[in-house]
Structures are given as structure tokens and as C-alpha cells.
**Student:** 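This is the structure, below, for whatever I ask next.
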Amino acid sequence: MKTIMFWSYKGGSGRSVAAANVAAALTKLGKRVAIIDLDFDAPGLHHVFGADETPQFKKGKGIQHYLRGETDLDVVDAEVRIDLFTDGPLQRFGPQIPADAQLHYIMSSPKVLQVNPEKDPEVSRRMQRLLAFLEQKYDLDFTVIDAASGIREAYAVAADASTEMLVFFRWSRQHVEGTLQMIRYMGLLKEFGKTSIPFRLVASAAPTDRELDGLAPDLRQDLVRLKEKTRERIQQTLLSHEIEPAEVFHEIPEMTELKWRENIRVFAPDVSPYETLAQKLIGNA
Amino acid sequence: MGLINHHAFVDLVSSVPLKSRAYERTMETLEAVDQLQEITATGDRVLMLARSGRLARTQAEALLHDLMVCFEEPLEQTAKLNEVKRTVGRCNE
């Protein structure tokens, strides 16, 4: 089983919407998938999946209760997990997924519940036990972890449990500089002989040429140059730390409808960039 | 000891060879590599000051020795690193 952590240095990168859609796309492509919301401070996947009205969500239990040692795996399985296509809010798409495919969603509680793996080493071990339990019980191919942005508790829990990481960023200054800082950290880990999780970069809400139409020619030229320069800086930073691939792995263009609705759109007739990302992940599996 | 004969601090630690301790937790590890970068940069500065004669050979050797201790336990030896950095800073004044 591949456990892929979706992470971003800054918030607002479109990471959670991407995690939900990529998980759904993997299922559409016939995979057995689990998605875990590890955005403890600001969970939101329940809105993307439309799970906020389900009886399970309304109970208020989340993965935090388990990671804090307050409940066991059976409770997670019975009260915190939703089989989204079988008896959950994505049932209407059920006929569009292969018979064997499944998507299990492990919720995060919207309550304020601190989870601190630095203070309690059992947290990471519990997370690993949960992954092993899900893999064994549901014969999973992939687990997608939506980890909160920033280098905080959720990063540590997810990084300890994942086999690879997708780092999401927007083409904005704060996002790009933060992402470059993270690449430097990964380079330092390598340089000083520490183990680091392999990662790839995903540019979210990437500016498109169409977006530049209508701008004054000088401004348009400036922005095109800025995007190219940023891309070169990212490549140079990756190269200088000998990190492969030394390029942005995938680009998800800005999608107006998704920006407003933040929902699952991989069942629309067109092939979405989330589905192409899922195909790449299967290709790399 | 000949510590100052190395071109860079990283050459010195690999010639000994010296290994920084492993930390079990992710956040500790990230904090440690930040410190290791700081230690390495300070070591390079000491070597440069020794080569230019702005730092006495014996003092440079002692500082490099302290930095090697810091390198082995980067999170436990932050006070020692700060002390070395203060000494190096005084050489720059």
C-alpha cells in the first residue's frame, strides 16, 4: 500500500480539495483507497465530500480521539469511517466506479482536540497501527493523508506514517518561498544523513495563459516572465540539493467552478487534472 | 591536532569521522538539521578566520573542537554553539 501525504507549507493551496478529488479519482480508476483528514486545527474534507450532514459526522467523533488514546480501532472503524461510495454522500457516483473499488474516509472532528506527537510518542505508533488495520481489513492500494499546512503536529504524524509526500503550492510569493524553504530542509536532511520522505511538487491554482488575456501587454509580459523565473528558481533549488525530479511534478490550473463549490468533480465528463495526477501516482506506484 | 588544516568544516567532520546523533521524532530532526547547518557555517567561519590570522591557531582549534561536540548533539549543545558564535562575532568586530 502506498501512503501519500498531501501537504503544503502555507494554507490556501487547494491541497484538501485536491486530496479529496485525487482519492476519488484513484477509486474511479479501480483502486481501493482510504483518505484520512489530518488537518486537526481546521478540518474541511467533510465539506468537500458533502459528509457534514451524515449521522457519523454529527456524532462529533474524529481521528483525534483515537490518536489521543481515548478510543480504539474498532470505534474508528464503526464511528469515524465512512464508506463514501457505498453508504456515504458519494453514493450517486457509485455506478461510475469499478465494482471492486472503494473509498473509505476517516474523519477529523471539528472540536478543538490537541494531538501532540512530540509530547506523546504513542501518537505516531497509533497512526501506524491505524494504517495497518485499514490496509488489512479493506485490502487497500492507497491511503491519502490530508495533512495540515505548516511544519506542525500534523506534519510530524503524517510524515512518520507516509511513504511519499506531495507538496502543494500556489505561484504566489509566500507559497513559493515557503516551498523553497521546505526543499532546503529536505536537502539538509539528505546532506546530514537523516532519512527524509521522498516528495514531489504540485502547483495548484496555476496561472493559465487564458487568465492573462485582457491584461495590458506590459503587465502580461511581466507576469509570464515572473512565472518562468519562479519555475527556474524551483528547478535550481531542487538541483542544488540533488532532489529528483528537479521540476514541478504536476500542475492544477485555477478552476473557477471548483473555487466556488469545492466539491468532487472527477465524475464530470471531461478528464480533470486530479484524474491525471491520480494516473501519475498509479504509474509511480 | 591539525583541525584548522581542513578547507571546510564538513571535510573535518567527515575525516574524523563524526556523526550527529539520530533523533526519533520528525520535528526534532528538522530542528537538528537547522542547527547542523548553523554549526557547519560557524565552523567554516572559524577556519576562514584562522587562515587569515584573525584568530589564533590554538583558539581556533579549541573552537573547532567545541563545534565538533555541537555537531554530535546539535539540540543538546545549543548553549555551546551560541558561545562559539559570540567568540567568532568578536573576531569580526
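Per chain, numbering begins at 1; letters A, B, ... match sequence-line order. Side-chain atoms are counted along with the backbone in the values below, which use heavy atoms only and exclude waters and symmetry mates.
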**Student:** Can you tell me how far CD of B:Gln37 sits from CZ of A:Phe192, rounded to the nearest 0.5 angstrom?
**Tutor:** 6.5 Å
**Student:** Do other residues, nucleotides or ligands put more than 12 heavy atoms under 6.0 Å from the OH atom of A:Tyr9?
**Tutor:** no
**Student:** Can you tell if the side chain of B:Leu30 reaches within under 4.5 Å of the side chain of A:Leu189, non-hydrogen atoms only?
**Tutor:** yes
**Student:** Please name the pair of heavy atoms, one in A:Glu118 and one in B:Thr26, separated by the smallest distance, quoted to 0.1 Å.
**Tutor:** OE2-N, 4.5 Å
**Student:** Take a 6.0 Å sphere around CD of B:Glu76 and say whether it holds more than 12 heavy atoms from other residues, nucleotides or ligands.
**Tutor:** yes
**Student:** Measure distances from B:Glu24 to the heavy atoms of chain A and classify the residue's part below 4.5 Å as side chain, backbone, both or neither.
**Tutor:** side chain
**Student:** Please report the shortest heavy-atom distance between B:Met27 and A:Ala156, naming the atom on each side.
**Tutor:** CG-CB, 3.9 Å
**Student:** Locate the shortest heavy-atom distance separating A:Lys194 from B:Leu36; write the atom from each residue and the value.
**Tutor:** CE-CD1, 4.2 Å
